[in-house]
There are 2 protein chains.
Amino acid sequence: MTDLPDEKTAKAPAIPPTMDDVAALAKVSRAVVSRALSASPRPVSADKRDRVLKAAEALGYRPNLLAQSLTTKRVNLVAVVVNHIHDLSDLDLFDRLLGAIQAVGKQVLLLKVGSVDRVEEFLRDGVAHHVDAALVWSDFADAATVRRMFRSDLVVMMNGRHDALSPAVVPDEAVGIGEAVADAAAKGVRRAALVTGRASSLIEQARIASFRVAFAAHAITLEQTLQGDYSYASGHRAASAFLSGPSPDAVFCTSDAMAMGVLDACRPLFPNNRPQRFRLYGFDNLSLTDYDAYPIASIGFDKALFVEHITRLVVEPDVFVPGSPPVSVPTHFFPRATA
Amino acid sequence: MTDLPDEKTAKAPAIPPTMDDVAALAKVSRAVVSRALSASPRPVSADKRDRVLKAAEALGYRPNLLAQSLTTKRVNLVAVVVNHIHDLSDLDLFDRLLGAIQAVGKQVLLLKVGSVDRVEEFLRDGVAHHVDAALVWSDFADAATVRRMFRSDLVVMMNGRHDALSPAVVPDEAVGIGEAVADAAAKGVRRAALVTGRASSLIEQARIASFRVAFAAHAITLEQTLQGDYSYASGHRAASAFLSGPSPDAVFCTSDAMAMGVLDACRPLFPNNRPQRFRLYGFDNLSLTDYDAYPIASIGFDKALFVEHITRLVVEPDVFVPGSPPVSVPTHFFPRATA
DNA sequence: CTGTTAGCGCCTTCAT
DNA sequence: ATGAAGGCGCTAACAG
């Protein structure tokens, strides 16, 4: 006979056991339970600690993290704010991030804030949990707004909309873009086209500017700029410009997805994936570019390093000195068949 | 002169205002503040409600959802438990799910539990927030364990490991598989090969069984079964079997990613994406199959419907009658060039 | 309609 | 080393 519920089929108890229950069972005070269960070593006699642990186990006790944070002021929650899921342009990045955050004992609250309206809504309705930190990719929120949303001073901005009070981690895209354009120049490219994303994003504006600088440095003429939205479909549409009429020597896209669209629309111009009329360069270095069908030369950064920087800021917020410049992660050119 | 902090650069106040502060400023009791700020209509005089709203605004007050849930017993948090991020085989599904959950006023806590060890760890360390509901994709957790992890009776299992106490939503794969195999049979396929994922997953076992049943029904011989892991790379590797020696009439893969790998490895056998030596069928109906390079016939379900079922269970947990069978979402065959 | 009074579950002094 | 007591921010009864 045992009082232990059958682990295999047990419902969660209608009313979950609290610290009081454990204390009662172990015949100690709540304070002792608190100490015995604490991660950090606290003075408790071995005997009582043992009783507490056993009692907790027997009851299936799990501390209520919410109640806990009410006094500790730390919720062990990190908000990740995105626009769409696809913002995390490569799932690899997101998977790593999630792993890293969990590894430091925190959990990820994923928020999709795909428009300014949504930001306002969150702010107005006040339905956002307080968190230890917020990591922001969404274009639609600036640092001050996010601080208000989550009642947290620790917001790390990855969307370029940081201010003096909040740290930021941003890829140094100029490097990789410079390398890619240099590669093109070395191969004789003189006339280029650029397929861009929404110019509303600060990141995108900077990206375009970097391309212009690099083109100028290598005496490459930017003959046409086509506006897309980062998607495959928009790249596919933009490609019509290169199929008819004189094409440029190289087409640069500010996302791999658009480059994939261009490539598919222009397959006849890429026999065996080798460029014939023009060379093709993407951006993001998606793992998809390792698939045979899309061997697109691209620009990317070290994801592990990127995540490491973010994680460090979450773990040691104090290393950030207000007003200091964003942490930058260098990008590099990854040559592939289409170049 | 104003006491309002500059919204554009404001830090979150070192010590955030509480309900008490608002009550004091508005010269009412905390209870009135609580009512005035409540979503559901509660008795408050228009005058006082107004003062409360103004005071809250002036202070930049945001209710502490944690403290709130301490009394209401509802945290407005829904855990989504995955194995890897890639479990959400299509981002579309996940994006919808996130949107749907936010639409009902809850937020998503994303947990990656990629191994049995991790499950044990979560259980042992007790570092998992209590949530209103948990939605489980990860193979590594059964319903009872998840109920314990999150102190919640409402866990919706999508991994096939449900029990009588927990609802489940599962695609009815037999339908789509039947349709796909029928399509192949109608085109004269007699000898088939199957490329599978990890057989440890219950879902995968059922999937394979369905294929066997369908093959038998259409007098198709399953000549070889190759073990992959759902990934592109594993499909690519498996394909070597079809390049040398006699190939089957059709290759069925239990994931689109593997089918993409097979397709790439066998490109010569698919001039213009038209099958020559064998037909190719995938699974999941990824949006990637809309890309020109991978026109893979596939099997999929209505994602909107799937998400709708899940959301309904979250919103109205009581509709679930313990012991009732899983909610099933029919799958269908989506013909494309490779078939 | 309004204010007062109890807690929710936990951690942290503070005595002991 | 231990227990008692207070309080974290909020909502839910209660009386008025």
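The sequence lines fix the lettering, A, B, ..., with proteins before strands; numbering per chain opens at 1.
- Here A/E57 does not pair with A/K54 in a salt bridge; the nearest charged N to carboxylate O distance is not below 4.0 Å.
- Taking A/R62 as the reference, nothing meets the salt bridge (charged side-chain N to carboxylate O under 4.0 Å, His left out) condition, with sequence neighbours excluded.
- Position along DNA chain C of the nearest nucleotide to A/Y61 versus B/V44 favours B/V44 as the more 5'-ward residue.
- Contacts between residues 30-38 of chain B and DNA chain D, defined by a heavy-atom separation under 4.0 Å, are made by B/R30, B/A31, B/S34, B/R35.
- When DNA chain D is scanned in the 5' to 3' direction for atoms under 4.0 Å from non-hydrogen atoms of chain B, the outermost contacting nucleotides are D/dG9 to D/dA13.
- Using a 4.0 Å heavy-atom cutoff across all strands shown, B/R42 reaches sugar-phosphate atoms only and no base atom.
- Taking the salt bridge (charged side-chain N to carboxylate O under 4.0 Å, His left out) definition, one finds that A/K27 meets it with nothing, sequence neighbours left out.
- Rotation axes derived from the C1' atoms of the five outermost pairs at either end of the helix from C/dC1-D/dG16 to C/dT16-D/dA1 lie 40° apart, to the nearest 10°.
- Residues that satisfy the salt bridge (charged side-chain N to carboxylate O under 4.0 Å, His left out) test with A/K112, not counting sequence neighbours, are B/D95.
- Minimum heavy-atom separation, A/A141 to A/N159: O-ND2, 3.0 Å.
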* Go through the steps for B/S166 and B/R147 under the test side-chain hydrogen bond (donor to acceptor under 3.5 Å, both in side chains), then give the verdict. => CA-CA 9 Å; B/S166 291; B/R147 286 195 295 267; 2.7 Å; yes

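- Contacts with DNA chain D (heavy atom under 4.0 Å) in residues 68-77 of chain A: A/L70, A/T71, A/K73, listed by number.
- When each of B/R49 and B/A67 is assigned the nucleotide of DNA chain C bearing its nearest heavy atom, the one mapping closer to the 5' terminus is B/R49.
- For A/D20, there are no side-chain hydrogen bond (donor to acceptor under 3.5 Å, both in side chains) partners at least two apart in sequence or on another chain.
- Rounding to the nearest 0.5 angstrom, the gap separating the CD1 atom in A/I101 from the CZ atom in A/R96 is 14.0 Å.
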* To do: Give the C-alpha distance, both sets of side-chain angles, the deciding distance and a yes or no for salt bridge (charged side-chain N to carboxylate O under 4.0 Å, His left out) between B/R118 and B/E121.
  => CA-CA 5 Å; B/R118 297 288 295 165; B/E121 189 181 325; 3.1 Å; yes

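- The CZ atom of B/R151 sits 10.0 Å away from atom CG of A/N64, with the distance rounded to the nearest 0.5 Å.
- For B/D132 (side chain) and B/V75 (main-chain N/O), a donor-acceptor pair under 3.5 Å exists by modelled atom type.
- The backbone N or O of A/V170 sits nowhere less than 3.5 Å from a side-chain atom of A/S328 that would complete a donor-acceptor pair.
- Looking at residues two or more places apart in sequence or on another chain, you find a side-chain hydrogen bond (donor to acceptor under 3.5 Å, both in side chains) between B/D47 and B/R51.
- Residue B/M19 is in base contact, counting any heavy-atom pair closer than 4.0 Å across all strands shown.
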Report, one line per pair, each donor and acceptor closer than 3.5 Å where one atom sits in a side chain of residues 304-311 of chain B; sequence neighbours left out.
from	atom 1	to	atom 2	distance (Å)
B/T311	OG1	B/V307	O	2.6

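- In terms of the side chain to side chain contact (heavy atoms under 4.5 Å, CB included) criterion, residue partners of A/D21 (sequence neighbours excluded) are, by chain and number, A/P17, A/T18, A/L59.
- The outermost nucleotides of DNA chain C lying under 4.0 Å from heavy atoms of chain A, listed 5' to 3', are C/dG9 to C/dT13.
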